[in-house]
Amino acid sequence: PAVPLSPQEHGLDFQRLLDASDYKETFRQDMIRWGEEKRRTDPGFFCRAAVEGAAQPVWVVSDTRRLSDVEWFRDVYGDVVQTVRVVAMEETRKRRNWVFVTGVDDAESECGLDQGVTFDWVITNDGDELALDEQLEMLLQSLHRSL
């Protein structure tokens, strides 16, 4: 069996793991297993890490991936939490070089929020820069009003 993989514990190049390179894909399934193991033993592990030391009036936690993450933030911060989902059509994603990988792209880490969450905001990012800017401006105005 594969050993769960933490980037810090295994000397991986963190910057290269952030892009869509073959380097990231080489380690992706092992990193997913490592994350799942951490969540099994402590469901709030990554959420607490995301907020550690945060003291701003508004901050964004990007890339939550599971219902348990959203529930953790709602439980801890209540009504001030605003959930945002960014979507793009499959054709758009393919133009951006996304290729579906069985066992990765159908795992909870990639589609755990496809059901069971009512998002406060859904932002469409299909390449129309003006439409994206308008959506983000509406979100920003709403956040400013809530301060």
Side-chain angles (χ1 to χ4, degrees), residues 1-90 92-94 96-127 132-133 135-147:
V3 175
L5 184 62
S6 156
Q8 297 83 2
E9 294 169 4
H10 290 82
L12 301 180
D13 184 332
F14 181 72
Q15 288 304 312
R16 291 186 68 194
L17 293 173
L18 296 176
D19 62 27
S21 67
D22 289 339
Y23 182 86
K24 174 183 176 180
E25 291 306 313
T26 301
F27 300 107
R28 191 171 179 197
Q29 287 185 316
D30 290 332
M31 289 188 305
I32 290 170
R33 275 193 289 277
W34 175 80
E36 295 303 326
E37 177 63 29
K38 285 291 192 188
R39 282 181 180 82
R40 267 192 294 281
T41 59
D42 180 2
F45 177 82
F46 293 104
C47 296
R48 282 192 309 281
V51 302
E52 186 177 327
Q56 302 301 319
V58 173
W59 39 278
V60 175
V61 177
S62 63
D63 214 16
T64 55
R65 298 198 170 222
R66 289 164 180 77
L67 181 57
S68 61
D69 294 340
V70 173
E71 290 171 341
W72 186 90
F73 280 99
R74 286 181 172 159
D75 288 347
V76 172
Y77 295 104
D79 292 339
V80 299
V81 171
Q82 293 285 300
T83 55
V84 180
R85 181 172 181 106
V86 179
V87 298
M89 294 183 302
E90 189 169 325
T92 301
R93 297 173 73 198
K94 286 179 180 178
R96 294 173 178 157
N97 297 321
W98 172 78
V99 176
F100 181 87
V101 176
T102 302
V104 174
D105 292 307
D106 52 358
E108 184 183 8
S109 65
E110 301 303 313
C111 54
L113 297 177
D114 288 353
Q115 298 175 17
V117 178
T118 302
F119 290 91
D120 299 301
W121 297 88
V122 177
I123 305 292
T124 302
N125 183 10
D126 277 322
L132 179 61
D133 287 345
Q135 294 171 84
L136 293 175
E137 183 60 33
M138 288 174 37
L139 173 59
L140 288 172
Q141 287 177 11
S142 174
L143 292 174
H144 283 281
R145 285 192 298 272
S146 68
L147 290 178

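Only this structure's heavy atoms are used, side chains among them; waters, hydrogens and symmetry mates stay out.
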Give the ring-plane orientation class for Phe100 versus Trp98, where under 30° counts as parallel, over 60° as perpendicular and anything between as tilted.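 Rings of Phe100 and Trp98: perpendicular, as their planes differ by over 60°.
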Heavy atoms of other groups near Glu52 CD, more than 12 under 6.0 Å: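 No - once you tally the heavy atoms of other residues, nucleotides and ligands closer than 6.0 Å, there are 12 at most.
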Asp133, CG: over 12 other non-hydrogen atoms inside 6.0 angstrom: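 Check passes, neighbour count above 12.
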Show your working on salt bridge (charged side-chain N to carboxylate O under 4.0 Å, His left out) between Glu37 and Arg40 and close with a plain yes or no. CA-CA 5 Å; Glu37 177 63 29; Arg40 267 192 294 281; 3.2 Å; yes
For Phe46, enumerate each residue passing the ring-ring contact (aromatic ring centres under 6.0 Å, His included) test, keeping only those at least two apart in sequence or located in another chain.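 Phe46 satisfies ring-ring contact (aromatic ring centres under 6.0 Å, His included) with Trp34 only.
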Considering the options Asp42, Thr64, Asp69, which one meets the side chain to side chain contact (heavy atoms under 4.5 Å, CB included) requirement together with Cys47?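 Among Asp42, Thr64, Asp69, the one that satisfies the side chain to side chain contact (heavy atoms under 4.5 Å, CB included) with Cys47 is Asp69.
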Can you tell me how far apart CZ (Arg66) and CH2 (Trp72) are? Round to the nearest 0.5 Å.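 Those atoms lie 15.5 Å apart.
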So, taking the atom named CG in Asp105 and the one named CZ in Arg93, what distance separates them when rounded to the nearest 0.5 Å?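 With rounding to 0.5 Å, CG (Asp105) is 7.0 Å from CZ (Arg93).
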Heavy-atom check, side chain of Glu108 versus side chain of Arg65, under 4.5 Å: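 Result no, sub-4.5 Å side-chain heavy-atom pair not found.
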Heavy-atom side-chain contact between Gln135 and Met138 under 4.5 Å: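 Not in contact.
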Partners of Asp126 by side-chain contact (heavy atoms from CB on, under 4.5 Å), sequence neighbours excluded?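 Residues passing side-chain contact (heavy atoms from CB on, under 4.5 Å) with Asp126: Ala88, Met89, Thr92, Thr124.
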Can you give me every donor-acceptor pair (side chain of residues 113-123, partner residue at least two apart or in another chain, under 3.5 Å) with its distance?
| from | atom 1 | to | atom 2 | distance (Å) |
| --- | --- | --- | --- | --- |
| Asp114 | OD1 | Arg85 | NH2 | 2.5 |
| Asp120 | OD2 | Thr83 | N | 2.7 |
| Asp120 | OD2 | Thr83 | OG1 | 3.1 |
| Trp121 | NE1 | Gln82 | OE1 | 2.9 |

